[in-house]
Number of protein chains: 2
Amino acid sequence: MTDAVDPPKARRPNTRLEEVARAAGVSKSTVSRVINGEPYVSSRAREAVHLAIGKLGYSPNQAARTLAGSRANCIALVVSEQGSRVLADPFFAGVLRGVHAELAGKRVQLVLMMSKEGDEQDLVNYLCGGHVDGVLVISLHGQDPLPRTLADAGLPTVVGGRPLGAGGVPYVDSDNFNGAMEAARYLVSRGRKRIATIAGPRDMAVGMDRLSGWKRGLSQARLDTDLVAYGDFTPESGAAAMADLLKRAPDLDAVFVGADIMALGALQTLHVHGKRVPDDVAVVGFDDLMIASTAVPPLTTIRQDVEQLGRTMTWRLMAELAGEENLPPFLLLPTAMVTRSSA
Amino acid sequence: MTDAVDPPKARRPNTRLEEVARAAGVSKSTVSRVINGEPYVSSRAREAVHLAIGKLGYSPNQAARTLAGSRANCIALVVSEQGSRVLADPFFAGVLRGVHAELAGKRVQLVLMMSKEGDEQDLVNYLCGGHVDGVLVISLHGQDPLPRTLADAGLPTVVGGRPLGAGGVPYVDSDNFNGAMEAARYLVSRGRKRIATIAGPRDMAVGMDRLSGWKRGLSQARLDTDLVAYGDFTPESGAAAMADLLKRAPDLDAVFVGADIMALGALQTLHVHGKRVPDDVAVVGFDDLMIASTAVPPLTTIRQDVEQLGRTMTWRLMAELAGEENLPPFLLLPTAMVTRSSA
DNA sequence: CCAAAACCTGGGAGCGCTCCCAGAACGTTC
DNA sequence: GAACGTTCTGGGAGCGCTCCCAGGTTTTGG
């Protein structure tokens with residue numbers, strides 16, 4: 001077509017749509033239609049295009065599609081946290097696994113982002129810049145304004161774990177309240193009378209919900225709910241909290257620990273104090289991490305299906321992106337008691 | 001310019017470069033230069049642009065940049081594996097953390113991908129389609145052809161963990177050999193005579209390297225290296241392997257377990273068999289997972305800095321992308337012995 | 001004081017795709 | 001056979017940016 005002097009186009013990394021069109025003997029438009037699975041393409045053309053694509057090893061340029069179309073075929077998983085610490089969390093890993101599983105087969109990419117110290121504005125700008133179609137937020141701590149901000153900006157957003165501050169933003173969470181209540185009731189049913197709890201931080205919904213469930217379970221049985229200690233989801237904090245409880249109530253005969261990871265520390269402290277588990281003190285954890293079954297003794301715990309959480313978040317987001325209406329504003333996933341030897 | 005009838009452009013999600021230019025009273029080119037930190041921009045223009053950007057809340061459209069420029073400002077982290085299982089691995093989490101830490105501040109996004117069953121061709125197409133500038137591959141198992149394929153396609157690639165089959169592709173790994181040798185020597189130095197090992201699977205370099213190191217450590221002390229059992233990096237397999245070893249050599253007085261996660265199982269088995277740790281049998285693990293310190297007894301182990309691995313991989317890739325030459329083809333990260341009570 | 005070099009600036013051609021529009025080919029009905 | 005749908009197809013205008021080029025404005029040096 002052009003008779004200009006040849007431009008020094010160095011890069012020619014890939015087949016372009018046009019080459020496929022030429023190879024298939026159709027127009028760009030038709031190739032585009034085939035790729036996007038649109039109707040109104042003759043089966044002859046469709047086959048020719050598929051053949052050409054296969055032969056040329058064509059893969060559409062995502063950037064161009066995003067630019068020309070209006071969606072990015074890409075969602076972000078945002079970990080709203082000081083960051084690095086969270087990635088070590090099995091919770092995060094499980095969610096990630098679920099997100100990936102749910103995305104399998106869909107032509108949607110996952111971009112992982114973390115809000116770095118103060119860079120929040122950058123993050124929001126980026127996310128709202130049309131680079132992603134929707135956002136999954138894992139916001140473990142406190143009154144994080146991020147979900148609210150994103151939702152207000154009109155970006156479809158789903159939060160994992162009940163957000164404390166973001167009223168109205170759709171979220172998915174495990175049913176921490178009922179799980180914890182079940183744990184408490186179980187301990188009651190085993191004849192325990194002096195039941196303590198080690199709860200998570202007060203600024204995390206997951207900690208508070210489990211604490212509430214425990215309280216409800218005990219108060220239904222007319223038992224005291226005064227034996228509460230707090231940890232921060234580390235084994236060390238669990239150990240310290242256990243020591244504190246033991247000092248306050250040497251006669252306690254059970255403890256519900258709001259996270260397996262803290263239960264590990266609690267077990268250590270009990271061991272050090274010469275308390276036999278479960279004979280002297282029954283221990284129930286929460287989460288059912290892998291380490292729960294390998295703990296000494298193996299930990300009775302409330303299992304939450306974190307992978308399912310990731311899957312459900314993703315499903316919810318994709319459904320919204322697909323334009324489904326009247327979707328549930330929030331979803332609670334059931335938990336299940338796993339009885340091992342610690343209680 | 002155009003006097004056409006107004007087109008029904010529904011979407012106008014964001015500020016565009018041109019609006020910034022108008023607001024700042026300069027041309028698109030100048031704005032672009034400011035954004036990309038190019039020289040040859042007067043400070044007056046630069047300030048005006050920054051002001052306009054701030055006022056308008058402008059954030060450049062990534063898709064357009066990628067399309068127009070030649071780089072995507074985006075790298076992929078590929079987990080080459082049947083997938084879901086790996087995400088639960090603390091190794092993966094650590095690497096991810098490191099990658100993120102290294103990327104902080106750089107304007108580079110991270111896309112997470114997994115090679116799903118058979119979809120490998122799709123993956124390769126996508127990655128080679130210019131959608132990412134480079135690839136980080138975590139390939140845990142066997143003779144995975146993926147790194148080779150990517151590298152051959154001219155895509156800058158760095159592998160995490162020594163790949164068995166991908167000769168020539170740059171990789172970063174912990175110094176498993178020397179770490180394991182140190183473990184063996186330590187046991188020898190503590191007077192242990194009958195030292196066994198539980199190794200990882202034969203098709204994983206990490207398992208073999210640690211096994212080799214253990215062998216070398218023992219043979220230097222003229223000790224037998226026949227007490228080898230294999231596991232698959234699960235606590236259960238560690239327990240089974242330990243039982244096997246105990247049957248084969250009831251007199252063994254030490255075991256080097258090629259992964260903390262397997263050591264957990266081994267500890268359980270030893271406990272069941274009435275063996276005291278470390279009095280009867282000394283146990284040394286590898287990895288220094290968080291669970292190592294909370295094990296009963298706390299596990300002496302070889303620490304590998306997985307986060308550093310992720311960081312180093314990323315650094316290596318970014319250096320290559322930046323055009324640095326004569327980069328080291330592979331990098332080995334030192335390990336460190338962590339002495340606790342199990343040995 | 002003028003030429004060369006160094007700075008700064010704007011214009012405009014794409015990047016590879018989608019999506020709109022106009023029109024061709026093929027029925028179907030009166 | 002004219003008039004109308006319905007199915008299919010190609011052309012071409014952008015999407016928002018980068019990067020090249022040409023030209024203007026300063027500084028420098030002889």
Side-chain angles (χ1 to χ4, degrees), chain A residues 1-2 4-22 24-49 53 56 58-73 107 129-131, chain B residues 1-22 24-49 53 56 58-73 107 126 129-131:
Chain A
M1 249 33 148
T2 75
V5 290
D6 80 314
K9 51 178 76 174
R11 59 183 279 276
R12 169 57 48 89
N14 233 43
T15 334
R16 269 120 42 265
L17 186 80
E18 191 153 9
E19 295 178 20
V20 176
R22 214 177 307 130
V26 298
S27 73
K28 278 169 40 181
S29 306
T30 300
V31 178
S32 178
R33 282 184 197 105
V34 171
I35 289 172
N36 294 297
E38 282 169 32
Y40 295 155
V41 180
S42 66
S43 51
R44 207 166 51 81
R46 193 179 303 277
E47 275 159 33
V49 169
I53 287 178
L56 273 57
Y58 169 76
S59 147
N61 181 312
Q62 211 56 40
R65 302 185 82 181
T66 303
L67 185 58
S70 17
R71 66 224 155 316
N73 292 313
R107 301 189 133 267
H131 313 133
Chain B
M1 252 26 153
T2 76
D3 53 355
V5 291
D6 79 314
K9 50 178 77 175
R11 60 182 277 276
R12 170 57 46 92
N14 234 42
T15 333
R16 269 120 41 266
L17 187 81
E18 190 154 9
E19 295 178 19
V20 176
R22 212 177 309 130
V26 296
S27 73
K28 277 168 41 179
S29 306
T30 298
V31 178
S32 178
R33 281 185 198 104
V34 171
I35 289 171
N36 294 296
E38 282 169 33
Y40 295 156
V41 180
S42 66
S43 52
R44 206 166 51 81
R46 193 179 303 277
E47 274 159 34
V49 169
I53 287 178
L56 273 57
Y58 169 75
S59 148
N61 181 312
Q62 211 56 39
R65 302 184 83 182
T66 303
L67 187 57
S70 16
R71 66 222 154 318
N73 291 314
R107 300 190 134 265
Y126 184 89
H131 313 133

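Order of the sequence lines sets the chain letters (A, B, ...), proteins ahead of strands, with each chain counted from 1.
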S59(A): side-chain hydrogen bond (donor to acceptor under 3.5 Å, both in side chains) partners, not counting sequence neighbours: none
Qualifying residues under side-chain hydrogen bond (donor to acceptor under 3.5 Å, both in side chains), relative to N73(A), sequence neighbours excluded: none
Can you measure [X] atom [atom1] to [N] atom [atom2] for me and round it to whole angstrom units?
| X | N | atom1 | atom2 | result |
| --- | --- | --- | --- | --- |
| E38(B) | dC7(C) | CD | C1' | 14 Å |
| Q62(B) | dC15(D) | CD | P | 19 Å |
| E18(A) | dG14(C) | CD | C1' | 13 Å |
| L17(B) | dG10(C) | CG | P | 12 Å |
| N61(B) | dG14(D) | CG | P | 18 Å |

Exercise: identify the closest heavy-atom pair between A63(A) and L67(B): CB-N, 4.1 Å
side-chain hydrogen bond (donor to acceptor under 3.5 Å, both in side chains) contacts in which one or both residues fall within residues 39-49 of chain A, not counting sequence neighbours: none
Nearest-nucleotide pick for Y58(B), side chain only, options being dT18(C), dC17(D), dG16(D): dC17(D)
Shortest side-chain distance from L67(B), nucleotide among dC15(C), dC17(C), dT18(C): dC15(C)
N/O (side chain, S32(B)) to phosphate O (OP1/OP2, dC17(D)) under 4.0 Å: no
Whether over 12 other heavy atoms sit under 6.0 Å from E18(A) CD: no
Would you be so kind as to tabulate the donor-acceptor pairs closer than 3.5 Å made by side chains of residues 29-36 of chain A, with sequence neighbours excluded?
| residue | atom | partner | partner atom | Å |
| --- | --- | --- | --- | --- |
| T30(A) | OG1 | S27(A) | OG | 3.4 |
| S32(A) | OG | N36(A) | ND2 | 3.4 |
| N36(A) | OD1 | R65(A) | NH2 | 2.6 |
| N36(A) | ND2 | S32(A) | O | 2.8 |

Bend angle of the helix from dC1(C)-dG30(D) to dC30(C)-dG1(D), from helix axes over five pairs at each end, nearest 10°: 40°
Any side-chain heavy-atom pair of R71(A) and T66(A) under 4.5 Å: no
Summary of protein contacts for nucleotides 5-10 of chain D, nucleotide by nucleotide, where a base hit scores B, a sugar-phosphate-only hit scores S (4.0 Å, heavy atoms): --SSBB
Interatomic spacing from CG in L56(B) to CZ in R22(B) - rounded to 0.5 Å: 9.5 Å
